[in-house]
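Scope of the values below: all heavy atoms of this structure, side chains included, with no hydrogens, waters or symmetry mates.
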Amino acid sequence: MTRPPVARYALRTASLVVFLGLWQLLTSQKVDLWLRFSQFPTATDVARAFADRISGSDYWTDLTDSLTRILTGFALAAVLGVATGVLVARSRLAEDLLGPVLEVIRPIPAIALVPVAILLFPSNEQGIVFITCAAAFFPVLVSTRHAVRALTPVWEEAVRTMGGSRLRILGSVVLPGALPGIFGGLSVGIGVSWICVISAEMISGQYGVGYRTWQDYTVVDYPGVFVGMVTIGVLGWVTSTAVELVGRRLTRWLPRTSYVPGGRARVPRPAVAPVRAERDAEHHTQPEQQGHKNTKEAGHEHLV
């Protein structure tokens, strides 16, 4: 039994309210059991700090700069990741040439790329875009590579049989078939970009949500740190949701299954009741059996 949309939204709102209430209770009472909640700012302190921030111009400047950097780096990662993933999945030569280098670079965390960005690029903005691009590039690459390799060869053979060129196969079979996996990687990549925004904006001495959060930490302004964390979390959720909605729009030709608790897809109810179906089957089977019996008897009579 599925809940109506209103009930689902009410349940989600209630879970958020319970979380905030528990946060306020543990921090205001300075509970110290194993976790030291006495060191945390209360939810009301963070709310006051958030209200003070949004009333000033610096917060919106930080927000605009971070969004510009993230979206620029993510767009580059999307183009390069999809192109490289398709190339590595379709060409053994490209896999042999690029595969070892990519697999060595992939485990390096984004924070380790900060010195590389400082030495490599002439400006801080280019270095920040480079780090966010590198963070989102590998999830897109891996998802695209696996999605292309998982395609059924029959589709490609059918297009080739009808005289389709490699470009036609790429545009009508490979990319559409791998689109769900590609958007899965894009959704993960945009989230990873926001995760790495603090390490990326550490090299910037001016503005940005990540830079401001790090500055608040250095001056022990913990409510300000939580304001930055909440801002990054909300922006990450909004951008990831936007990528998923675009992916659903472009893959609307895929069959959709309704969610049912327990991980099982909802199966449509049959148009005919089981008892009635059995009766109909018996009704159709009896004349066939009778006709088969009459044929046998006619054959015996003919033999006699």
Side-chain angles (χ1 to χ4, degrees), residues 1-67 70-71 110-111 132 135 139 184 187-202 207-245 247-248 258-264 266:
M1 180 179 180
T2 58
R3 301 184 183 91
V6 177
R8 293 187 62 193
Y9 289 129
L11 186 60
R12 295 182 181 186
T13 305
S15 66
L16 183 61
V17 171
V18 170
F19 171 75
L20 294 176
L22 187 62
W23 178 7
Q24 178 67 24
L25 178 64
L26 293 174
T27 53
S28 62
Q29 298 300 320
K30 300 186 182 302
V31 176
D32 284 337
L33 296 175
W34 181 60
L35 300 175
R36 298 179 299 174
F37 291 102
S38 60
Q39 305 295 324
F40 263 53
T42 63
T44 54
D45 292 337
V46 175
R48 283 194 293 267
F50 191 81
D52 293 338
R53 287 288 177 88
I54 63 176
S55 62
S57 60
D58 289 343
Y59 178 82
W60 301 106
T61 303
D62 293 337
L63 200 64
T64 303
D65 288 350
S66 293
L67 276 172
I70 288 291
L71 295 180
I111 189 67
T132 54
S187 180
V188 175
I190 190 67
V192 175
S193 295
W194 281 109
I195 292 173
C196 299
V197 69
I198 292 181
S199 61
E201 291 182 345
M202 281 173 56
Y207 297 102
V209 178
Y211 168 76
R212 193 70 59 187
T213 304
W214 181 255
Q215 289 298 110
D216 290 335
Y217 172 74
T218 57
V219 298
V220 200
D221 182 10
Y222 292 125
V225 172
F226 275 82
V227 169
M229 292 169 60
V230 171
T231 301
I232 293 172
V234 172
L235 289 175
W237 172 68
V238 170
T239 50
S240 297
T241 304
V243 171
E244 291 180 1
L245 290 177
R248 290 184 181 181
S258 301
Y259 172 76
V260 177
R264 295 177 297 178
R266 181 188 297 174

Minimum heavy-atom distance between [X] and [Y], given as atom pair plus value:
X: Val192; Y: Ala135; answer: CG1-O, 3.4 Å
X: Ser66; Y: Glu201; answer: OG-OE2, 2.8 Å
X: Thr27; Y: Pro41; answer: CG2-O, 3.8 Å
X: Ser187; Y: Ser240; answer: O-OG, 3.9 Å
X: Thr213; Y: Ile198; answer: CG2-CD1, 4.2 Å
X: Thr132; Y: Ser193; answer: O-OG, 3.5 Å

Let me confirm one number: the [atom1]-[atom2] distance from [X] to [Y], rounded to the nearest 0.5 Å.
X: Leu26; Y: Asp32; atom1: CG; atom2: CG; value: 10.5 Å
X: Arg36; Y: Lys30; atom1: CZ; atom2: NZ; value: 13.0 Å
X: Thr61; Y: Tyr207; atom1: OG1; atom2: OH; value: 6.0 Å
X: Met229; Y: Asp216; atom1: CE; atom2: CG; value: 12.0 Å
X: Ile190; Y: Ile195; atom1: CD1; atom2: CD1; value: 11.0 Å
X: Arg212; Y: Thr231; atom1: CZ; atom2: OG1; value: 12.0 Å

Trace of the side chain to side chain contact (heavy atoms under 4.5 Å, CB included) decision for Tyr211 with Asp62: CA-CA 8 Å; Tyr211 168 76; Asp62 293 337; 5.7 Å; no
Trp214-Tyr217 aromatic ring centre distance below 6.0 Å: yes
Heavy atoms of other groups near Phe40 CZ, more than 12 under 6.0 Å: no
Note, Leu235 side chain near Leu63 side chain (heavy atom, < 4.5 Å): yes
Geometric class of the Phe226/Trp23 ring pair [parallel <30°, tilted 30-60°, perpendicular >60°]: tilted
Trace of the side chain to side chain contact (heavy atoms under 4.5 Å, CB included) decision for Ile70 with Thr239: CA-CA 10 Å; Ile70 288 291; Thr239 50; 6.0 Å; no
Polar side-chain atom of Trp194 near backbone of Gly233 as donor-acceptor pair, under 3.5 Å: no
Ser28 side chain to Leu25 backbone, donor-acceptor under 3.5 Å: yes
Intermediate values then yes/no, side chain to side chain contact (heavy atoms under 4.5 Å, CB included), Asp45 and Arg48: CA-CA 5 Å; Asp45 292 337; Arg48 283 194 293 267; 2.3 Å; yes
